[in-house]
Participant: 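Quick one: the structure is below, questions incoming.
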Amino acid sequence: MYRLQVFDERTTGMHWQTHKQGAEHYRRHLAAAGNLGEGEPARMEVAVAIGADPATMYSAILPLPRIWMK
């Protein structure tokens, strides 16, 4: 689960901690885009769900085993 900041009607910023999975996905995205650590960061498309049942919300914050990260 991540916090979003709305900048305009088409753009949001997403906050994640560097040691969490969202940041790892973004690092891989940057590496695939070829601009890791240089210039303007590449935008990454994400899907956002607003509101859900409590079990789904809780499962969103649980860490996955590393086997699922491949």
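These figures come from a predicted structure and were not determined experimentally.
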Participant: Considering residues at least two apart in sequence or located in another chain, which fulfil the side-chain contact (heavy atoms from CB on, under 4.5 Å) criterion with Val6?
Facilitator: Thr12
Participant: About how many Å separate CZ of Arg27 and CE of Met44, when rounded to the nearest 0.5 Å?
Facilitator: 11.0 Å
Participant: Sequence neighbours left out, what pairs pass side chain to side chain donor-acceptor pair (under 3.5 Å) with at least one residue falling in residues 45-55?
Facilitator: Asp53-Thr56
Participant: Can you measure from OG1 (Thr18) to CD (Glu24) and round to the nearest 0.5 angstrom?
Facilitator: 10.5 Å
Participant: Give me the atom names and distance for the closest heavy-atom approach of Phe7 to Gly13.
Facilitator: CE1-N, 3.2 Å
Participant: State which residues pass side-chain contact (heavy atoms from CB on, under 4.5 Å) with Met57; sequence neighbours excluded, sorted by chain then number.
Facilitator: Met1, Ala52
